[in-house]
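Quick notes on the structure that follows.
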Amino acid sequence: MKGSPAYREFHPKWYRTRVSTYWWLSQWSYRKFMLRELSSVFVAYVIVITLMQAHALGQGRAEYAAFQELMTRPFVVLLNVVTFLFLLLHTITWFNLTPRAIVLRLGGRRVPDLFIIAPNYVAWLVISGVVAWFVLRG
Amino acid sequence: MAERSSTAFFWALFSAGGVAAAFLLPVHVFLFGLAFPLGWIEPPGYESLLGLLQSPVTRLYLLVLCVLSLFHWAHRFRYMLYDGAQIKHLNEVIVVGTYGGAVVGSVVAAYLLFLAV
């Protein structure tokens with residue numbers, strides 16, 4: 001069938017209102033959603049500094065002292081404060097969504113959300129304690 | 001079908017990274033980014049931290065944490081640009097930039113943690 005016109009899908013022109021690039025500024029729930037998504041940038045930042053730290057440690061004492069000095073600069077401290085807050089936002093929103101991902105039934109009844117959320121916080125405290133213990137035991 | 005299974009694959013990595021980041025990253029930033037630099041807690045000595053890093057278990061832990069967290073970032077940042085900033089016409093560039101960035105970051109992490117030390 002050479003020479004036949006190329007097949008083209010029928011595309012009706014729908015009427016669509018344009019959505020502003022800043023649509024998420026209009027409501028608090030949308031802003032919270034964008035802040036939560038933005039936390040991923042700070043997750044990436046933590047990985048960068050963690051790798052810088054591991055690299056500096058392996059390079060030697062002077063390099064590690066330089067890394068420690070970098071961490072005390074006011075701008076970096078400010079960035080770390082903001083990062084910590086964003087990580088808390090990530091952790092809290094992540095834990096609070098677990099009942100959406102895990103549905104447990106006991107005796108034919110759905111286990112209440114609180115009983116699914118709460119163990120996350122307990123595990124978070126224990127895990128943080130274990131990491132801190134490994135770092136601090138000297 | 002390939003499109004769907006790759007979406008599931010990246011979502012699984014995103015999810016695993018979200019769990020790792022939620023449980024582990026706050027304590028890392030709190031200690032090394034705030035408590036030690038600001039003098040709230042006496043930082044461990046160089047030798048003791050180096051000893052910790054030289055253990056293969058620590059390096060493997062850090063590598064897994066880095067890889068999962070990077071793919072978590074890639075997936076969230078991709079959809080943040082896609083839905084939030086609505087730059088859908090740059091979809092291919094965004095996909096390459098985010099997941100590609102996570103792959104490059106993972107290779108750099110493996111190099112720094114296992115080969116450069």
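Below, all heavy atoms of this structure are taken into account, side chains as well, without hydrogens, waters or symmetry copies. Chain naming here is simple, since letters A, B, ... match the order of the sequence lines and numbering starts at 1 in each. Bear in mind that the values here come from a model prediction, so they are computed numbers and not experimental data.
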**Test item: Trp73(B) side-chain N/O and Tyr45(A) main-chain N/O as donor-acceptor pair under 3.5 Å** = no
**Item:** Nearest-0.5 Å distance, CG of residue Leu65(B) to CD1 of residue Ile47(A)
**Value:** 4.5 Å
**Chi angles and distances behind the side chain to side chain contact (heavy atoms under 4.5 Å, CB included) call for Val29(B), Phe42(A)** = CA-CA 10 Å; Val29(B) 177; Phe42(A) 294 91; over 6 Å; no
**Asked** With a 4.5 angstrom heavy-atom cut-off, which part of Leu52(B) approaches chain A: side chain, backbone, both or neither?
**Response** side chain
**Nearest non-hydrogen partners of Glu42(B) and Leu136(A), listed with the distance** = O-CD2, 4.0 Å
**Request:** May I ask whether Leu97(A) and Trp28(A) are part of the same hydrophobic cluster, defined by side-chain heavy atoms of I, L, V, M, F, W, Y residues being less than 4.5 angstrom apart, directly or through others?
**Result:** no
**Message:** When you group the ILVMFWY residues by side-chain heavy-atom contacts below 4.5 Å and let the links chain together, are Trp11(B) and Val43(A) in the same group?
**Reply:** yes
**Item:** Within 6.0 Å of OH in Tyr22(A), more than 12 heavy atoms from elsewhere
**Value:** no
**Request:** Measure the shortest side-chain to side-chain distance between Phe134(A) and Val57(B) over non-hydrogen atoms and say whether it is less than 4.5 angstrom.
**Result:** no
**Least distance between heavy atoms, Leu51(A) atom then Cys66(B) atom** = CD2-SG, 3.8 Å
**Item:** Under 4.5 Å from a heavy atom of chain B, the part of Ala65(A) involved
**Value:** neither
**Item:** Ile92(A) versus chain B, the contacting section by heavy-atom distance below 4.5 Å
**Value:** neither
**Prompt:** Hey, quick one: are Leu104(A) and Trp94(A) part of the same hydrophobic cluster, counting side-chain heavy atoms closer than 4.5 Å, chains of contacts allowed?
**Reply:** no
**Request:** Would you mind checking which part of Ser15(B) comes under 4.5 Å of any heavy atom in chain A, side chain (CB onward), backbone (N, CA, C, O), both or neither?
**Result:** both
**Asked** Does the side chain of Pro26(B) come within less than 4.5 Å of Trp124(A)'s, by heavy atoms?
**Response** yes
**Message:** Can you confirm whether Arg76(B) sits close enough to Ser39(A) that some side-chain heavy atom of one is under 4.5 Å from a side-chain heavy atom of the other?
**Reply:** yes
**Request:** Indicate yes or no: does Glu37(A) engage Arg78(B) in a salt bridge with an N to O separation below 4.0 Å.
**Result:** no
**Message:** With chain B as the partner, which of Met71(A), Gln59(A), Gln68(A) has the greatest number of non-hydrogen pairs under 4.5 Å?
**Reply:** Met71(A)
**Fill in**
Bottom line for Phe14(B): the part with an atom under 4.5 Å from chain A's heavy atoms is both
**Asked** Can you check whether Tyr64(A) reaches Leu49(B) side chain to side chain, under 4.5 Å on heavy atoms?
**Response** yes
**Request:** Would you mind telling me which of Val76(A), Asn120(A), Ile49(A) has the largest number of heavy-atom pairs within less than 4.5 Å of chain B?
**Result:** Asn120(A)
**Request:** Please answer: with hydrophobic residues joined when any side-chain heavy atoms are less than 4.5 Å apart, are Val96(B) and Ile94(B) in the same cluster?
**Result:** no
**Asked** Pick from Leu125(A), Thr72(A), Thr98(A): which one has the most heavy-atom pairs with chain B under 4.5 Å?
**Response** Thr72(A)
**Prompt:** Which pair of non-hydrogen atoms, one from Tyr46(B) and one from Leu57(A), has the smallest distance, and what is that distance?
**Reply:** OH-O, 2.7 Å
**Request:** Please determine, among Gly51(B), Gly45(B), Ala109(B), the option with the most heavy-atom pairs under 4.5 Å with chain A.
**Result:** Ala109(B)
**Request:** Please state whether the side chain, the backbone, both or neither of Glu69(A) comes within less than 4.5 Å of a heavy atom of chain B.
**Result:** neither
**Message:** Does any backbone or side-chain atom of Leu31(B) lie under 4.5 Å from a heavy atom of chain A? Answer side chain, backbone, both or neither.
**Reply:** side chain
**Prompt:** Closest approach of Leu53(B) and Ala54(A), non-hydrogen atoms and distance?
**Reply:** CD2-O, 3.4 Å
**Fill in**
Answer key: most heavy-atom pairs under 4.5 Å with chain A among Gly39(B), Pro43(B), Gly33(B) is Gly33(B)
**Message:** Please classify the contact of Phe95(A) with chain B as side chain, backbone, both or neither, using a heavy-atom distance under 4.5 Å.
**Reply:** side chain
**Request:** Give, as side chain, backbone, both or neither, the part of Arg73(A) having an atom under 4.5 angstrom from any heavy atom of chain B.
**Result:** neither
**Request:** Check each atom of Tyr79(B) against the heavy atoms of chain A and say whether the ones under 4.5 Å are side chain, backbone, both or neither.
**Result:** neither
**Message:** Heavy-atom pairs under 4.5 Å with chain B - which of Thr50(A), Val81(A), Val19(A) has more of them than the others?
**Reply:** Val19(A)
**Complete:** When rounded to the nearest 0.5 Å, the distance separating CG of Leu25(B) from OG of Ser128(A) is 10.0 Å
**Asked** Any idea how Phe30(B) and Phe84(A) line up, ring-wise: parallel (<30°), tilted (30 to 60°), or perpendicular (>60°)?
**Response** tilted
**Asked** Distance-only, no hydrogens or angles: does the His90(A) side chain make a donor-acceptor pair with backbone N or O of Gly18(B) under 3.5 Å?
**Response** yes
**Which atom of Asp83(B) lies closest to which atom of Trp23(A), heavy atoms considered** = O-NE1, 3.1 Å
**Item:** Connected via hydrophobic side-chain network under 4.5 Å: Val64(B) and Leu115(B)
**Value:** yes
**Request:** Heavy atoms only: give me the nearest Ala21(B)-Thr91(A) pair and the separation to one decimal.
**Result:** O-OG1, 4.5 Å
